[in-house]
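In what follows, a single structure is set out as C-alpha cells and then discussed.
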Amino acid sequence: MKLDCSISQWRVVPDQPLKLKKVPTKIEPLFRSTEDYRAKLSEFRAEISRWQSLLYAARQQALLLVFQGMDTAGKGGAIRHVMSGVNPQGCQVHSFGPPSDEELEHDFLWRGVKRLPRRGMIGIFDRSYYEEVLVVRVKPEVLATQLLPPALVQRKNFWSDRLDDIRQFETYLHRNGTKVVKFFLHVSPEEQRRRLLDRIADPTKNWKFRLGDLDCREHWQGFQRAYQDCLQHTTTKPSPWYIVPADNKRNARLIVSQVILHTLEKMRLELPSLSAAQEQDLITAKHLLEDNPS
Ligand code: ATP
C-alpha cells in the first residue's frame, strides 16, 4: 500500500543546501476521513509487522529509527501509533533524557551505542545522540556539564567535528548491517503553542506539561538553526533524514509509516536458507510427529 504522494519529497538530499524555514510544517491531509486514516494506518501497521517478522527470522540486519523534534512535536504518539502492531519481542524503544553522571563520564555516543538494536531487531530512539548537536549546542550551560577538556571545546570545528563523528558512526553501523533512518517531526511555533495550551487545559494531559518546554520556545530560532545544520550534514544515502510535516499528527503518522515500510522493503530481507542437515531434521521430525499422533 502507498500514500498518494512520493516520500522522496521529505527526504533530505545529501550535499544540498537546506532552508528549514522553507519546508512546510503543514500539508493537505493524506486521508479523506477518520475512517480512511484508520484504515490506511492499520494496513501500514500490518505490512510493517510482516516485514518485522522477516527481519527477526533472518537475524542479519537491524533497523534503527531515530525520532527528533521540538517538544510536543508528537514523537511519542507517532512511535505508539505506528509501531503498535509490531511484535514487542522484535522492537525496543529507548527515550533519551538528560544524561546521567555515569553517561557524562563517557564519550557522547556511549549511551546510544549501548542501546543499539541487535540483528533482527527494530530499535527506536525517542530523541537520541543527535541531542548532542541540538540541545547541547543551543544551550551553552548544557555543554558546560560535559566534563570535556576546555581546549577541545574551544576548537573552531567543535560542532562540525561532532556532526562528522555522527555521520561516520552511522556509516560504520551501515557497514555492519544496521540501517539507520531518522525522522525530524517538523512543527510550527503556533502549533506547539496550541498543543502546550491544550496540555494545560486538559486534566488528562497535565502530566505531560513541563515548565522547561517554555524555555525551549525562547530558543526556537537557535534550535531551528541547529536542526538545519544537523539535518544537512548528517543525511546520507544509506542513513537519510526525513523532515515530516507534523502540524497534523495523522499526516505525520502516515508519512512515518510509509517511510518505515519503504525502508524495510529495500532491505532485501529473506528467510534464512536451511542447511542440508536442518532440512533433514525437518523431514525426520515430520515423520516422527505423523507416526505418533498421541
Ligand atoms: P520529551 O520532551 O521527549 O517528550 P520529556 O518531556 O518526558 O520528553 P525527558 O525524556 O525526561 O522529558 O527528557 C527530555 C529532555 O532531555 C529534552 O529536553 C532533551 O533536550 C533533554 N536531553 C536529551 N539528551 C540530552 C543530552 N545529551 N544532554 C542534555 N539534555 C538532553
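Please read all numbers here as calculations on a predicted model, not as lab measurements. Order of listing sets the numbers, starting from 1, for every ligand and every atom in it. Heads up: numbering here begins at 1 and tracks the sequence.
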List, for ligand 1, each N/O atom that has a protein N/O partner under 3.5 Å away, with both atom names and the distance.
| from | atom 1 | to | atom 2 | distance (Å) |
| --- | --- | --- | --- | --- |
| ligand 1 | 2 (O) | Asp71 | OD1 | 2.9 |
| ligand 1 | 2 (O) | Arg127 | NH2 | 2.9 |
| ligand 1 | 3 (O) | Lys75 | NZ | 3.4 |
| ligand 1 | 3 (O) | Arg127 | NE | 2.7 |
| ligand 1 | 3 (O) | Arg127 | NH2 | 3.4 |
| ligand 1 | 7 (O) | Arg210 | NH2 | 3.3 |
| ligand 1 | 16 (O) | Pro98 | N | 3.3 |
| ligand 1 | 20 (O) | Glu131 | OE1 | 3.0 |
| ligand 1 | 24 (N) | Gly97 | O | 3.3 |
| ligand 1 | 24 (N) | Arg111 | NH2 | 3.0 |
| ligand 1 | 27 (N) | Arg111 | NH2 | 3.2 |
| ligand 1 | 27 (N) | Glu132 | OE2 | 2.9 |

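Closest of all the heavy-atom pairs between Tyr56 and Gly90 is CD1-CA, 4.2 Å.
Residues satisfying the side chain to side chain donor-acceptor pair (under 3.5 Å) test with Asp202, not counting sequence neighbours, are Thr204. With sequence neighbours left out, the side-chain contact (heavy atoms from CB on, under 4.5 Å) criterion links Arg194 to Glu191. Every salt bridge (charged side-chain N to carboxylate O under 4.0 Å, His left out) that Asp198 has, sequence neighbours left out, goes to Lys205.
Under the 4.0 Å criterion applied to side-chain N and carboxylate O atoms, Asp215 and Lys139 are assigned as salt-bridge partners.
Arg250 and Tyr37 share no donor-acceptor pair across their side chains, judged by distance under 3.5 Å alone.
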